[in-house]
2 protein chains.
Amino acid sequence: MCWFYARKLEPFMTKERLYVYDTTLRDGQQTQGVQFSLAEKQQIAATLDALGVDYIEGGWPGANPIDSAWFDSQPKLRATFTAFGMTKRAGHSAENDTALNAVVNANTAAVCLVGKTHDFHVETALGITLDENIENIRRSIEHLVSQGREALFDAEHFFDGYKANPDYARACIQAAFAAGARWIVLCDTNGGALPAEVGQIVQEVITAGLPGDHLGIHTHNDTENAVANTLAAIDAGARQIQGTLNGLGERCGNANLTSLLPILKLKEPYRSNYEIGVTDAALRDIKRASRVLDDILNRIPAPQAPFVGASAFVHKAGLHASAILKNPVTYEHIDPALVGNQRDIPMSNQAGQSNLRKRLKEANLIVEKDDPALGRILELVKEREAQGYSYDTAQASFEILARRELGLCPVFFEVKRYKVSVERRKNKYNRMVSLSEALVVVRIDGEKKMSVSESMDELGNDRGPVNALSKALAKDLGPYQAMIDDMNLTDYKVRITQGGTEAVTRVVIDCEDSKGRSWATVGVSANIVDASFEALLDAVNWKLIRDTAPPA
Amino acid sequence: MCWFYARKLEPFMTKERLYVYDTTLRDGQQTQGVQFSLAEKQQIAATLDALGVDYIEGGWPGANPIDSAWFDSQPKLRATFTAFGMTKRAGHSAENDTALNAVVNANTAAVCLVGKTHDFHVETALGITLDENIENIRRSIEHLVSQGREALFDAEHFFDGYKANPDYARACIQAAFAAGARWIVLCDTNGGALPAEVGQIVQEVITAGLPGDHLGIHTHNDTENAVANTLAAIDAGARQIQGTLNGLGERCGNANLTSLLPILKLKEPYRSNYEIGVTDAALRDIKRASRVLDDILNRIPAPQAPFVGASAFVHKAGLHASAILKNPVTYEHIDPALVGNQRDIPMSNQAGQSNLRKRLKEANLIVEKDDPALGRILELVKEREAQGYSYDTAQASFEILARRELGLCPVFFEVKRYKVSVERRKNKYNRMVSLSEALVVVRIDGEKKMSVSESMDELGNDRGPVNALSKALAKDLGPYQAMIDDMNLTDYKVRITQGGTEAVTRVVIDCEDSKGRSWATVGVSANIVDASFEALLDAVNWKLIRDTAPPA
């Protein structure tokens, strides 16, 4: 019988405490293209602190001016603020090692030092003897302890080292432990270890005498197993886990706390057997915490991210969608609200009638079960998706389509024609510049209105023909003008797709307004300007429908 | 001692065959926002086939017009082409079940039917008795076998079902196996299972009498453990794995074949113990396969993707980078070339320059090691990539940029100005129609030439402003006219990206000519017409450089 299954059958008598160590600000910053400013480090640390992690590794004092300034600012945190550095070099005493001094002088309550435990690296990368390396580890940790710091030892390349020379790898970490390190962190530095061997090696280390409640695990995602490797180490007895928000980190990233924390809080056997410093209320904020980091990095949030992604609880398949409508437990492994996320059932050509009725209900369109309009709408959606439309990301366009079919779509205005031009030529400074101009003719309440606009923004840059067209359309919509002015285009996505046999352009537009609504529409045409204009018209109509609806 | 470790210590005497079942075209299509066209399904299937997967699940015949057309086309593949459907409903015989008939009538060699194995789902979602469900499974599989098909049974929610009622879950799959199913696929449908329990349950199923070489595993990534769950099932004895390219799939996606195939081919104990249909040469193409899907989805490739991501073997400056320069084995768990990827050390000028020279050589531009132009080109590429350009996928634009910097870019013609308009209005039949017109002024050999064109194709459809512009440009290029006429635009991709602080449009154009050349160029601007025109000009210039070059 396997250890993990024995665990499952026999829950712990009392919960054991697991400690969470965040390294977003240090290992996360190793990501290609990532360099946090001081203000960003402060914001991320505050977010992590609110989440309830036990340790926040701030960076490497002395490695660069921002990290030094950040440690000088002595941030006030509930979590244990930790400085990162490396064990002293051979040939210097710990007291006289410049790099180590910079780390110690940051005056943090805890210090984590990385050191070698793989014989090959000691000899190849450091070029010192195996004994010298152990001495460096011992002296460095002793120095931290003598300064009254909580000492952590990051055992670099531990799993590779253990597979190559288990006695030496163990001797290194035993030296750190004997010297007073509170935590020995087993690191899979190159991310190549797989869960089974991680579990087994951690178990052997514990059997050899290192207590599990002094062992940490630090994994990387190079085989997509960083989360699984962390769980395997916990199962084997490790009691500190290291990771980063959104799995940020060098190469393929570190263990993703945004997945690990929900697993530890919500999934068995972890939920019953362990306690972490993250409260239920904090967990409900984890999606927001994930977005804080995306915002700082200016990244589009990964829609498929476990637990926190926009698609994590989206049910597209017809079968799934109809079962979810009967009982959400059928296709959801957790309640999305527990991680601050929500369920969504988009429209698509795989959806059935029950899905459709739910979708309509969300737009306050109550349609009876046997209404023949349902079949017509489904057919229309199928037909248009074959032309290149995609309604699962464009609920507002779906609603407009359904309303037209149900006779519930008011006609606010009619676009009679438009014309848009793009011109590129030399300006008076002999530089090539572009300008777009648009003219739109609409009929509102029997009155014809003609508006023109150009595409220049405040900085004098040309924003292109679609921009000019949308400004011209929005310029004078009579009684609806105030509603349109309250509309803000937040994203504009273009893809070339196949509509029948010809390539067509699909445009998806995201909008929001001051009432906190956000909506998306879609347009399809071989002509990108037409496709954009179609999506824009749907967006405007949706907004007018909402704003002119009688209060519920 | 754990089973997995026993495996590791005692390698198999002979390699066992693992079968790879791809469901990108079916479960992958369940992803929010994904709807493949027929041409895209064909392209993806060809890519998977070249990769060497054993089964390609094409979709659900009868579920939508595209899937039906795709099965009607009877694609020729090395892999076993498989139709997906569900077990028959209660109250119909298998022969008279409409949905099942549509699947059987697709005439594929293999058919995979999903059915319930979780008692709760049978009673809640289907509303039939537990015995009726088993009867449905048995009759459906028998029907497939009687039609001479290879039958697969997807045991939906198997792990949840097993945890709730192991006897019933086992009875369901035993019925399918007894009825002649070649494979019983254990599905973690809601993605909530964790590796330890997956391994244990698969082991128990095998102990209960279902042979491992008839068991498959189908996982989802809702806890970020889809890959680990698959490995746990293999370790326990399952011999078919299901997954998708890039982990595409409903909610958080399916098990990622782009990670699993490299693990199975390259990592122990899998490398020594198992054989899959993917050759070493095919594995070197897996990064390209991953990009094919991203291109189709118009997604930016995930830089941190294990094995195939652009950052997967990037070593940011510091300890790692200098060790890597001494010996790549120090920080890499596999050789990146084995998966068609490459090492990159962004901060190392040395590594940057040797990469650059390699790329220039591909364009027949031999540059000496210490040429200062190398540094200038590197800087320029960096700067333009920060603006939104992407030279990875646009080698021809990269070549033009480098040639300009090296003084090796002939000036064939100069575009003085252009103007393009789009007009949408009612035609004489009172239907809204669009027309685009373009005017381009170029100077060739001191002579000014003015050309106009409109965007109508042979069928009288408007193809938009970029089409009009490209036709006007290509209309009269004097001595180069024949070369331009030999140029065919094969694809046009548009992406909104971030250039500095503003959203800009990136256009990538693919071209080919009668000499069998194909090339890609990139343009970036806030104005989509400008961005397109820039990419078009690069494409034309590249063609003229090739056609006017003296024979090698």
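As the structure is a computational prediction, the values presented were derived from the model and not from experiment. Worth knowing before you read on, the calculation uses all heavy atoms, side chains too, and leaves out hydrogens, waters and symmetry mates. Numbered from 1 within each chain, the chains take letters A, B, ... in sequence-line order.
- Of the listed residues (B/Met432, B/His220, B/Lys267, B/Arg417), the greatest number of heavy-atom pairs within a distance under 4.5 Å of chain A belongs to B/Arg417.
- For A/Glu437, no part lies near chain B; criterion is any non-hydrogen pair under 4.5 Å.
- Side-chain atoms of A/Asp530 and B/Ser434 include a donor-acceptor pair closer than 3.5 Å.
- Proximity to chain B (any heavy atom under 4.5 Å) is shown, for A/Phe533, by neither the backbone nor the side chain.
- Proximity to chain B (any heavy atom under 4.5 Å) is shown, for A/Asn221, by both the backbone and the side chain.
- Between B/Gln304 and A/Thr31 the shortest side-chain heavy-atom distance falls below 4.5 Å.
- Separating the OG1 atom in B/Thr223 from the CG atom in A/Leu231 is a distance of 7.5 Å, to the nearest 0.5 Å.
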Before you tell me yes or no, could you show the steps for B/Asn527 and A/Arg424 under side-chain contact (heavy atoms from CB on, under 4.5 Å), namely the whole-Å CA-CA distance, both residues' side-chain angles and the distance that decides it to 0.1 Å? CA-CA 11 Å; B/Asn527 180 325; A/Arg424 187 162 175 84; over 6 Å; no
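- With rounding to the nearest 0.5 angstrom, the CD1 atom of A/Ile528 is 13.0 Å from the CG atom of B/Asn467.
- Proximity to chain A (any heavy atom under 4.5 Å) is restricted, for B/Leu194, to the side chain, taken from C-beta onward.
- Using a 4.5 Å cut-off between heavy atoms, A/His157 contacts chain B through its side chain alone, with no backbone atom that close.
- Separating the OG1 atom in B/Thr505 from the CZ atom in A/Arg463 is a distance of 8.0 Å, to the nearest 0.5 Å.
- Of the atoms belonging to A/Ile334, not a single heavy atom falls under 4.5 Å from chain B.
- In this structure, A/Tyr418 and B/Val422 have side chains that are in contact, with non-hydrogen atoms separated by less than 4.5 Å.
- Side-chain atoms of B/Asn256 and A/Glu224 form a donor-acceptor pair, as typed in the model, at a separation below 3.5 Å.
- Only the backbone of A/Ala305 comes within contact range of chain B, with heavy atoms under 4.5 Å apart.
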Give the C-alpha distance, both sets of side-chain angles, the deciding distance and a yes or no for side-chain contact (heavy atoms from CB on, under 4.5 Å) between B/Arg251 and A/His315. CA-CA 7 Å; B/Arg251 303 186 314 274; A/His315 305 278; 4.0 Å; yes
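- Of the atoms belonging to A/Ser436, it is side-chain heavy atoms, and not backbone ones, that fall under 4.5 Å from chain B.
- With a 4.5 angstrom heavy-atom cutoff, A/Lys416 touches chain B via backbone and side-chain atoms both.
- A/Tyr331 is listed as a side-chain neighbour of B/His121, based on a closest heavy-atom distance under 4.5 Å.
- The distance from atom CG of B/Asp462 to atom OG of A/Ser525, rounded to the nearest 0.5 Å, is 6.5 Å.
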